[in-house]
Amino acid sequence: KQEVTQIPAALSVPEGENLVLNCSFTDSAIYNLQWFRQDPGKGLTSLLLIQSSQREQTSGRLNASLDKSSGRSTLYIAASQPGDSATYLCAVIWNTDKLIFGTGTRLQVFP
Amino acid sequence: DAGVIQSPRHEVTEMGQEVTLRCKPISGHNSLFWYRQTMMRGLELLIYFNNNVPIDDSGMPEDRFSAKMPNASFSTLKIQPSEPRDSAVYFCASRTGGLAGELFFGEGSRLTVL
């Protein structure tokens with residue numbers, strides 16, 4: 001069964017820390033992987049999309065890496081800020097149109 | 001572009017009533033997805049369309065749920081009759097570019113069935 005897992009489920013850090021969110025998937029034959037951010041009561045905002053042929057993508061303070069052979073992706077957030085507080089979800093597409101989501105990591109960055 | 005537009009944003013109804021949720025995808029996107037999000041089950045894919053044609057509705061929980069996409073700019077998700085366990089946030093998302101494309105979500109419709 002194709003599944004996506006995110007660890008940790010919740011994370012609380014002081015402002016300024018660099019942090020890593022983890023995403024693992026059961027089948028390495030992915031098509032692409034997408035990281036989202038969700039603020040309370042809001043929809044999902046796309047952060048980064050990594051194609052299966054890519055190793056990483058960067059946007060500002062965010063860097064996402066992909067290691068298909070180990071079934072893992074990490075989202076690196078540099079110099080975290082209180083405004084980064086949100087739930088972060090990763091989602092994987094295999095060989096169908098279905099995007100399968102992890103359960104998310106709830107991040108709190110305190111001043 | 002205005003993004004994916006959903007309505008209503010909030011709906012409170014009584015058990016047994018019909019509920020219709022609406023979605024306007026981003027112009028030019030040829031795939032549309034309906035998701036449901038709850039605390040217990042997270043995000044679940046209900047159904048998706050390619051070029052207005054339903055491709056996979058295996059996630060639709062029961063026959064009480066139905067979805068249509070009469071044209072490229074409009075889709076509905078209907079629940080009839082609604083039940084309290086249908087209470088959730090329902091998201092619509094759209095994409096272009098096939099499997100390689102980036103998925104964009106609407107703000108969601110929060111449904112409460114009393």
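Each chain gets a letter, A, B and so on, in the order the sequences are listed, and its residues count up from 1. Only this structure's heavy atoms are used, side chains among them; waters, hydrogens and symmetry mates stay out.
Only the side chain of B:Leu45 comes within contact range of chain A, judged by heavy atoms closer than 4.5 Å. Heavy atoms closer than 4.5 Å to chain A are found nowhere in B:Ser109, neither backbone nor side chain.
A pairwise comparison of heavy atoms in A:Gln38 and B:Phe91 identifies NE2-CZ, 3.5 Å as the closest pair. Among all heavy-atom pairs drawn from B:Arg95 and A:Ile93, the shortest one is NH1-CD1, 3.0 Å.
No more than 12 heavy atoms of other residues, nucleotides or ligands sit less than 6.0 Å from atom CZ of A:Arg106. Summarising the local packing, CG of B:Asn71 is surrounded by more than 12 heavy atoms from other residues, nucleotides or ligands at distances under 6.0 Å. B:Glu14 CD: 12 or fewer foreign heavy atoms inside a 6.0 Å radius.
With contacts defined as side-chain heavy-atom distances shorter than 4.5 Å, the pair A:Thr45/B:Phe104 does not qualify. Side-chain contact check for B:Tyr35 versus A:Leu99: some heavy-atom pair is nearer than 4.5 Å.
Comparing B:Arg110, B:Gln37, B:Gln6, B:Arg41 by how many heavy-atom pairs each has under 4.5 Å with chain A, the most go to B:Gln37.
Taken together through direct or relayed side-chain contacts under 4.5 Å among Ile, Leu, Val, Met, Phe, Trp and Tyr, B:Ile79 and B:Val89 form parts of separate hydrophobic clusters.
Although no hydrogens or angles enter the test, the distance criterion places no donor-acceptor pair under 3.5 Å between the side chain of B:Glu102 and the main chain of A:Ser46.
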For this session: In sequence, state the C-alpha distance, the side-chain angles, and the governing distance for A:Leu44 and B:Leu43, and then conclude on side chain to side chain contact (heavy atoms under 4.5 Å, CB included).
Result: CA-CA 11 Å; A:Leu44 281 71; B:Leu43 270 163; 3.7 Å; yes
